[in-house]
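Inspection log for the structure reproduced underneath, given as structure tokens.
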Amino acid sequence: QVRLVESGGGLVQAGGSLRLSCTASRRSMTNYAWAWFRQASGKEREFVSAISWGGGSTYYADSLQGRFTISRDDNKVTVYLQMNNLKPEDAAVYYCGASTRPVPPATVRTRDGYAHWGQGTQVTVSS
């Protein structure tokens, strides 16, 4: 079983930045595909960003591209989400997902693409 641990959330003023991290407890014999989703209070969990199994492709929610950047460090079995120019509407619990298999493009932006999930980290943005 793979355990994912997120960190880096917190309180930030609008316009500020945060970097989220998610580390896997087990070094995969192959690799991981990673994703970030978020869930605001009273709303459904939504896709934020993903990075492919080989790291060659990145994906973003249309509304976030340009402000958020996903990256990975395979030596540390960690994925990052750099969030810049944060807005109050970015406030949510951010969840990390991982797959030990390549995720088909059709499911990259869906929760079904990722078998392992972290417990979430809270991001609060004050206006």
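Below, each value reflects all heavy atoms present in this structure, side chains not excepted, and no hydrogens, waters or symmetry copies.
- To the nearest 0.5 Å, atoms CZ (Arg67) and CD (Gln82) are separated by 12.0 Å.
- Looking at Glu44, its side chain never comes within 3.5 Å of a backbone N or O of Gln39 through a donor-acceptor pair.
- When only modelled atom types and interatomic distance are considered, Arg72 and Asn31 share a side-chain donor-acceptor pair under 3.5 Å.
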Q.
Does Val123 form a side chain to side chain contact (heavy atoms under 4.5 Å, CB included) with Arg38? I'd like the steps, not just the answer.
A. CA-CA 9 Å; Val123 171; Arg38 69 185 182 184; over 6 Å; no
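- Looking at heavy atoms from C-beta onward, Thr23 lies out of side-chain contact with Leu4 at the 4.5 angstrom threshold.
- Looking only at side-chain heavy atoms (C-beta outward), Arg101 and Val103 stay at 4.5 Å or farther from each other.
- The side-chain heavy atoms of Thr69 and Thr58, taken from C-beta on, include no pair separated by under 4.5 Å.
- The backbone N or O of Tyr60 lies less than 3.5 Å from a partner atom in the side chain of Arg109, making a donor-acceptor pair.
- Inspection of the Ser21 and Thr78 side chains reveals no N or O donor paired with an N or O acceptor under 3.5 Å.
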Q) Does the pair Val48 and Leu81 meet the rule for a side chain to side chain contact (heavy atoms under 4.5 Å, CB included), with working shown? A) CA-CA 9 Å; Val48 173; Leu81 184 68; 4.0 Å; yes
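- Residues Ala91 and Ala40 come closest through the heavy atom pair O-CB, 3.7 Å.
- Follow the hydrophobic side-chain contacts under 4.5 Å out from Trp36 and you reach Leu18 in the same cluster.
- Between the side chain of Ser49 and the main chain of Tyr59, a donor-acceptor pair closer than 3.5 Å is present.
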Q) Between Leu20 and Phe68, is a side chain to side chain contact (heavy atoms under 4.5 Å, CB included) present by the stated rule, with each step listed? A) CA-CA 11 Å; Leu20 306 183; Phe68 289 15; over 6 Å; no
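- No side-chain heavy atom of Met83 sits under 4.5 Å from any side-chain heavy atom of Leu64.
- Taking each heavy atom of Val2 and Ala24 in turn, the nearest pair found is CG1-CB, 4.1 Å.
- Between Leu11 and Ser126, the closest side-chain pair of non-hydrogen atoms falls below 4.5 Å.
- Remark: Phe47 engages Phe37 in a ring pair (Phe, Tyr, Trp, His ring centres under 6.0 Å) (not counting sequence neighbours).
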Q. Does the pair Val5 and Arg3 meet the rule for a side chain to side chain contact (heavy atoms under 4.5 Å, CB included), with working shown?
A. CA-CA 7 Å; Val5 179; Arg3 190 168 70 97; 3.5 Å; yes
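- Screening residues 81-116 for ring-ring contact (aromatic ring centres under 6.0 Å, His included) gives no qualifying pairs among residues at least two apart or on separate chains.
- One finds the CD atom of Glu6 at 12.0 Å from the CD atom of Gln122 (value rounded to the nearest 0.5 Å).
- For Arg45 and Trp117, the positive end sits near the middle of the six-membered ring, less than 6.0 Å away and at most 45° from its axis.
- A donor atom on one side chain and an acceptor atom on the other are not found under 3.5 Å apart for Asp112 and Thr107.
- Counting heavy atoms from C-beta on, the side chains of Tyr32 and Ser99 never come closer than 4.5 Å.
- The shortest distance between side-chain heavy atoms of Val79 and Ser71 does not fall below 4.5 Å.
- Looking at Val125 and Lys87, their side chains never come closer than 4.5 Å, going by heavy atoms from C-beta outward.
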